[in-house]
Protein chains: 2
Amino acid sequence: MDPHLLTTFVTVARHGSFSAAAAELGYTQSAISQQIAALEADLGLALLSRRPVEPTPAGRRLLEHAGPLLLRLRAARADVLRAAAVPRHRLRLAATPLAVNPVLALRLARARAEQPRLEVTLHTCGREEVGAMVAEGEADLGLADGIAAPSDPLRLPDAGPMTAAGVTEEELVVALDAGHPLAGRAALRLADLVDARWLQTPLCPLARLRDLMGDGFPVALDYQGDDVHTVVNLVAAGHGLTLLPASALPACGTAADRPVALGVPLAAPRLVHRVELLHGALPAGPAADLARALSG
Amino acid sequence: MDPHLLTTFVTVARHGSFSAAAAELGYTQSAISQQIAALEADLGLALLSRRPVEPTPAGRRLLEHAGPLLLRLRAARADVLRAAAVPRHRLRLAATPLAVNPVLALRLARARAEQPRLEVTLHTCGREEVGAMVAEGEADLGLADGIAAPSDPLRLPDAGPMTAAGVTEEELVVALDAGHPLAGRAALRLADLVDARWLQTPLCPLARLRDLMGDGFPVALDYQGDDVHTVVNLVAAGHGLTLLPASALPACGTAADRPVALGVPLAAPRLVHRVELLHGALPAGPAADLARALSG
DNA sequence: TATAGTTACGGCTCACGTAACAATT
DNA sequence: AATTGTTACGTGAGCCGTAACTATA
């Protein structure tokens with residue numbers, strides 16, 4: 001169970017090939033073969049079937065552990081080094097696309113106005129990656145968004161000792177096209193939308209809604225990207241419903257020349273769009289200042 | 001950050017001595033010295049001060065990570081092996097002292113009556129150790145108790161992918177001696193007991209109450225052991241208050257010849273004594289049967 | 001001066017690379 | 001026949017033990 005062998009194992013499993021893993025890790029094919037053999041001998045189990053190279057049931061099980069385990073290992077290293085590092089004035093921020101809402105964008109602007117020496121780099125990526133970047137010290141602060149009951153914390157994947165605190169909560173709206181039968185409503189209940197046609201996007205994972213409401217939420221279109229602008233255009237064109245924070249929809253009313261997406265407030269269940277600030281323990285100097293500023 | 005070096009590091013830190021760690025791990029003093037040097041070189045930080053041997057701030061930080069990390073590593077190994085192992089008829093149970101209440105003791109008896117071939121070993125230990133034993137596969141099932149709001153899960157320390165499900169919830173009572181000024185009350189509010197004299201025991205950690213209610217709960221006596229019988233006798237003798245599940249107190253009323261502990265129901269906040277069943281994913285065969293039986 | 005951690009050095013293990021081999025398509 | 005994983009074997013890095021050294025109480 002040497003982490004070294006574990007890394008090799010996940011790489012081989014990911015590529016489905018010993019040679020490809022060897023190329024990526026800078027070893028020879030032979031070394032990879034020996035490493036996998038060593039891991040299998042250590043556990044006394046076959047972890048991969050050969051030709052084609054695929055994880056066995058035991059291998060799949062190990063894969064579920066290996067990722068988080070290696071992440072925590074890197075996170076621990078990063079955390080110890082971070083605690084001893086000198087505070088930098090170049091801060092790296094990682095955020096999910098919907099996390100940088102108008103409120104937080106303004107707070108960030110104010111903080112930068114107050115501390116002109118501060119250099120900020122902002123990087124957009126998925127939830128898991130935000131968590132991983134903060135845990136591994138690749139980002140000083142992270143902003144992750146999600147759907148939760150008011151004042152409830154988000155259920156973020158565990159990436160080791162890390163602090164998460166809510167910074168904004170905002171009304172959730174059901175986004176739909178202007179011609180949709182429900183467009184005129186003053187408010188909607190999620191229970192009434194279980195059988196509507198939904199847009200599947202990483203921005204609003206339907207699995208989360210099914211957790212809350214049970215089965216349903218059929219997928220009309222699956223959009224794999226995370227671009228908010230694209231999602232809004234897809235909604236406007238009638239590809240399906242999705243949940244968005246109110247501020248993610250354009251403020252204007254109707255437009256004659258193109259389809260428009262409308263937001264109808266969600267009446268029940270009581271849910272909000274919540275953004276949480278992530279950071280390793282003890283954010284030092286500038287990072288702590290910025291964290292305070294973002295918390296409002 | 002080799003786990004091997006990490007284990008050496010925690011052992012040295014625990015003993016406060018290189019030689020003692022060497023003795024425990026079966027190495028020479030010299031090897032330990034080289035291992036610590038290697039770890040410090042890898043991180044580029046001093047982790048231990050010498051003479052006396054104590055962790056530096058960076059070392060303390062690493063210690064916070066190392067324990068859970070090594071536990072998860074052992075847990076992952078155990079989980080993979082468990083999934084591939086043949087189901088056994090000798091089941092090992094780990095439980096905290098207050099977890100085996102009358103209800104669960106009866107359910108266990110019924111299960112054993114229905115499956116005569118089943119051999120059960122029961123081991124009592126602290127919360128963390130129950131979690132660790134289940135995670136590492138040293139126990140097939142675990143029972144951990146704690147204080148929580150009704151239907152709320154316990155906040156158990158994370159020991160990797162493990163399933164926890166509530167099995168019983170029971171009324172909490174404030175245990176006090178018969179001569180206590182509050183002994184006559186029909187019910188008590190925790191808020192009124194903030195300044196009372198409390199018994200500190202692992203069975204009812206006052207830190208948990210302070211989390212809920214803020215500071216207070218002064219310690220009259222700190223009992224380091226976890227024997228329920230002893231705690232009840234201490235309470236009866238007037239050493240202080242504690243919270244216990246109603247079933248932990250003797251059923252009888254008063255006795256002339258010796259001091260008696262009484263239980264007064266806790267009216268507010270609404271809290272219960274909750275027991276959760278812990279198991280690794282996929283409990284196989286007999287373990288799954290027993291888990292079902294204990295869940296009622 | 002005694003105790004305890006560090007450094008020097010030698011031996012041995014083990015992990016990797018080269019290269020020949022085997023198995024699958 | 002080509003591709004890809006396995007096995008054999010030699011080399012070199014690294015880890016541990018012995019022993020000499022050093023620093024602290």
Side-chain angles (χ1 to χ4, degrees), chain A residues 1-60 62-63 66 69-70 73-74 77 80, chain B residues 1-63 66 69-70 73-74 76-77 80:
Chain A
M1 292 282 297
D2 180 354
H4 184 206
L5 301 183
L6 243 33
T7 321
T8 300
F9 174 61
V10 299
T11 310
V12 170
R14 180 155 38 84
H15 284 94
S17 154
F18 282 51
S19 355
E24 175 175 329
L25 296 173
Y27 286 109
T28 58
Q29 212 179 23
S30 166
I32 300 298
S33 182
Q34 293 177 58
Q35 288 177 20
I36 298 296
L39 189 59
E40 290 183 327
D42 174 35
L43 290 169
L45 295 167
L47 298 172
L48 293 167
S49 70
R50 321 295 153 97
R51 281 179 240 267
V53 173
E54 274 178 356
T56 62
R60 269 194 295 278
L62 183 58
L63 277 176
L69 206 49
L70 294 170
L73 201 63
R74 293 192 302 270
R77 184 189 180 83
V80 173
Chain B
M1 294 282 297
D2 179 354
H4 184 207
L5 302 183
L6 242 34
T7 345
T8 301
F9 174 60
V10 299
T11 310
V12 171
R14 179 157 37 85
H15 284 94
S17 154
F18 282 52
S19 355
E24 176 175 330
L25 297 174
Y27 287 111
T28 59
Q29 209 181 24
S30 167
I32 301 298
S33 183
Q34 293 176 57
Q35 289 176 18
I36 298 295
L39 189 59
E40 290 183 326
D42 174 35
L43 290 169
L45 294 168
L47 298 173
L48 293 167
S49 71
R50 321 295 154 98
R51 279 179 242 267
V53 174
E54 275 178 355
T56 62
R60 267 193 296 277
R61 190 123 209 140
L62 183 57
L63 277 177
L69 207 49
L70 293 170
L73 202 63
R74 292 191 302 271
R77 183 189 181 84
V80 173

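Numbered from 1 within each chain, the chains take letters A, B, ... in sequence-line order.
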What string of B, S and - do you get for nucleotides 2-16 of chain C, 5' to 3', when a contact is any protein heavy atom under 4.0 Å?
-> --BBBBB-------B
Nearest atoms (heavy-atom pairs only) where [X] meets [Y]:
X        : Y        : answer
Leu48(A) : Val12(A) : CD1-CG1, 3.6 Å
Thr56(A) : Ser49(A) : CG2-N, 3.9 Å
Ala58(A) : Ala46(A) : CB-O, 4.1 Å
Gly16(A) : Val53(A) : O-CB, 3.5 Å
Arg60(A) : Pro55(A) : NH1-O, 3.3 Å

Spacing of CG belonging to Asp2(B) relative to NE2 belonging to His4(A), to within rounding of 0.5 Å =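 Those atoms lie 11.0 Å apart.
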Counting N and O atoms only, with roles assigned by atom type, does the side chain of Thr11(A) sit under 3.5 Å from a partner on the main chain of Thr7(A), one being a donor and the other an acceptor?
->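 Between the backbone of Thr7(A) and the side chain of Thr11(A) there is a qualifying donor-acceptor contact (under 3.5 Å).
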Return yes if some donor-acceptor pair links the side-chain N/O of Glu40(A) with the main-chain N/O of Leu47(A) below 3.5 Å, else return no.
-> yes
Rounded to 10 degrees, the angle between the two terminal axes of the helix from dT1(C)-dA25(D) to dT25(C)-dA1(D), each from five pairs =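 About 30°, once rounded to a multiple of 10°.
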Whole Å only: how far is the CG atom of Leu47(A) from the P atom of dG5(D)?
-> 16 Å
